[in-house]
Visitor: 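Next up is a structure, given as structure tokens.
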2 protein chains.
Amino acid sequence: MELTERKKRVLRSIVELYISTAEPVGSKAVAELPDMKYSSATIRNEMAELTTMGYLEQPHTSAGRIPSAAGYRLYVDELMAGYRLSMDEAHSINEAIEAKMQRVDEMMERVAKLVSQATDLPAISVASRQRGATVKRFELILAGQGTVILVVMLTNEEVVNKLIKLPVLAGESELKILSAVLNATMTGLAPEEFTPELLERVMSSAGEAASLVPVIMEFTTEVLRKQGSANMAVAGQLRLLGQPEYRDVDKAQRVLTTLDEETLANLPAVMQNQSGTKVIVGPENVSQELKDTSVVITKFDIGDGMQGMIGVVGPTRMDYAKVTARLSYFAESLSKMFAKPEHTELPAGKTEEEE
Amino acid sequence: MELTERKKRVLRSIVELYISTAEPVGSKAVAELPDMKYSSATIRNEMAELTTMGYLEQPHTSAGRIPSAAGYRLYVDELMAGYRLSMDEAHSINEAIEAKMQRVDEMMERVAKLVSQATDLPAISVASRQRGATVKRFELILAGQGTVILVVMLTNEEVVNKLIKLPVLAGESELKILSAVLNATMTGLAPEEFTPELLERVMSSAGEAASLVPVIMEFTTEVLRKQGSANMAVAGQLRLLGQPEYRDVDKAQRVLTTLDEETLANLPAVMQNQSGTKVIVGPENVSQELKDTSVVITKFDIGDGMQGMIGVVGPTRMDYAKVTARLSYFAESLSKMFAKPEHTELPAGKTEEEE
DNA sequence: CTAAGCACACTATACTATAGAGTGCTAAAA
DNA sequence: TTTTAGCACTCTATAGTATAGTGTGCTTAG
């Protein structure tokens, strides 16, 4: 059977009607659309064929049709008209992004919130970290008696600091010696290389301020370890409850719980070699729980070899045109923002995921 | 009418039965309790009187009774038996808290998650910041050509840093001059005092590295401004969906939305002069939306003049004994942890609330 | 090839009947 | 005087039934 132009028109109308009403679409509703010049009977025939072709589904014999996964797929790939952002939308996205953000984790949270707001769906944002960052340089600042500030510069342009209070009286000169030792022995190492043996070696040559070394080493290891993991944020989970398909609390809960765990962890892998905006329709989904849930994701550039990703999760019925348009625009704006010189530098940031 | 011992026993039984079943409690169920030596008819009489006294309510004539707000209040204040944490529970709480946490905001998030986990309810945690923190000292580190690290020490023991990249070639000596100027003119000031006039003044005396000044000043203002606001985190909102009273999506959504906004902002005020654990039962609540929702809050000490607060939100029917016990234990453990020297120092942290 | 008409299928809704739980009251027992 | 047993009554939740409405598929006519 051939997919004629008319069939495409019908399918597109059905998808769009279904997106806006969340109810199965009947032949009459399609026939009554402004520029549909055929009667409901004709539409009915087309719908019957679209059903056998697998693009439509029927919840039960005497109900209207709803798009199948294949139907959505076709819609997204071929039929969907590009949604044009209004000036207002574009403007408010840009404005929101322009706010100053100091740390990557803070920023990811903010971005997730913004995306969620813009799409009225739960959103996630991920910033992949550059693998294998090491310490470029240590710096110790004397900040009062018994108080030392440790500043650690990493190879990926991040800087972290820690205030250390010790009852040891360390003077400028001891700190100078210590930082020289640190820079000589502890830079360029992977977190696994911070062994007890190294600790001992460094301590023995560290001079009077040796008692600072264990604290410094523990902190550094911790920081490097966190560098390895991606930075993620989820926002607006509650918005899912606004969608009619999640009126069932159990279902909403299942999906949202999954959102916290699996999806987040899997998405980077899914997007590995993808570029642009990707739409994952329902059953194409990795996780079984997200079977009738779609995911739309886009990548953006952070610079310094870091990759960002924003995405939203919603019912298979979501308004793909709007969502992809907004997401792409977001990604574009973010990439642009990061390309600007004043924003290139993002000091230290880290998060932990558990629950 | 007098509140006899027996009435109290009955009330207590009813509250506890209702807590565990979430169903109105009938006289028969109470009479059948192991150590209840009266018949259902007697209990019925008592229940009738407890109802006229305002401690119980009847959803409708031929249903069992449920505790009124006054009933819960009495239960929480007088009747509730202290719940004893098992070794296991105490242990797992302690273990969870011991993980290293670097920043206040990170820690608040973690604490909220832990509390939520321990109570199976949405949890919030707040760290009030010390008002009026100012800059104690600036430090500039040369970190490669065109790259400077700014380290700002605040009076409240926090330290923040920022990597600045500028095409200006600044040498050690220029930075030394600049940092001297900064320390002379920009320390001890409130964020409002960072005026354009100040900027101009500082720039004119800053020497060759003057172009760094605007960036530094903007960053500092930002940091100080963030110091003023409290640090909050919400976690486990989804857990509310597990409670039978929130099977209605709309209701759950309303409550959770409120949780994000009002409550968070109001709680510090409510707890102003309170100490220990406070239980706010349903209608005693500030917000109208939280009418049949209870809140349990406890304070803890962070040190450095900072105050922490953890709390959970749940149905009025929640298990107050368990929740208060766990919350108090949490608060105690946290206070202890912060009292330890290694944890006294908490470098910079900040968050933003919007949605 | 398109449209009109009609019988049939199925769901959602309102309505009804019934079982079950719980109460309040009265009267008897302790 | 307090407690308990018994019983009529109330109210809800549940299942079962009838009905209106929507939509389909097929047949037939334009």
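Protein chains get the first letters and strands the later ones, always in sequence-line order, with residue 1 at the start of each.
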Visitor: Please list, chain by chain and in numerical order, all residues satisfying side chain to side chain contact (heavy atoms under 4.5 Å, CB included) with B/R73, sequence neighbours excluded.
Guide: B/V76, B/D77, B/V279, B/V281, B/E284

Visitor: Mind running a 4.0 Å heavy-atom check of residues 22-36 of chain A against DNA chain C and sending the residues that fall below it, in number order?
Guide: none

Visitor: Among pairs that include at least one residue of residues 17-26 of chain B, which meet side chain to side chain donor-acceptor pair (under 3.5 Å), considering only residues two or more places apart or in two chains?
Guide: none

Visitor: Measure CG/A/L56 against P/D/dG23 and give the value in whole Å, please.
Guide: 15 Å

Visitor: Restricting to side chain to side chain donor-acceptor pair (under 3.5 Å), what partner residues turn up for A/K251, sequence neighbours left out?
Guide: A/D292

Visitor: Excluding sequence neighbours, so at least two apart, what forms side chain to side chain donor-acceptor pair (under 3.5 Å) with A/T298?
Guide: A/T277

Visitor: For nucleotides 3-10 of chain D, give me one character per nucleotide, 5' to 3': B if any protein heavy atom sits under 4.0 Å from the base, S if the only such contacts are to the sugar-phosphate, - if neither.
Guide: SBBB---B

Visitor: Is there any side chain to side chain donor-acceptor pair (under 3.5 Å) pair reaching into residues 50-62 of chain A, and which pairs are they, with sequence neighbours excluded?
Guide: A/T51-A/R65

Visitor: Could you please name the option among C/dC10, C/dG24, D/dC11 that lies closest to any side-chain atom of B/H60?
Guide: D/dC11

Visitor: Going by the rule side chain to side chain contact (heavy atoms under 4.5 Å, CB included), which residues pair with B/E46 if we only count those two or more places apart in sequence or in a different chain?
Guide: B/T4, B/R6, B/K7, B/V10, B/E49

Visitor: Identify, with sequence neighbours excluded, every residue that meets side chain to side chain contact (heavy atoms under 4.5 Å, CB included) alongside B/V249.
Guide: A/L241, A/R247, A/V249

Visitor: What nitrogen or oxygen pairs link the protein and nucleotides 28-30 of chain C at under 3.5 Å?
Guide:
none

Visitor: Run the ring pair (Phe, Tyr, Trp, His ring centres under 6.0 Å) test against A/Y72 and tell me which residues pass, sequence neighbours left out.
Guide: A/Y320

Visitor: For A/K322, give me all partners under side chain to side chain contact (heavy atoms under 4.5 Å, CB included), at least two apart in sequence or on another chain.
Guide: A/Y83, A/D319, A/R326

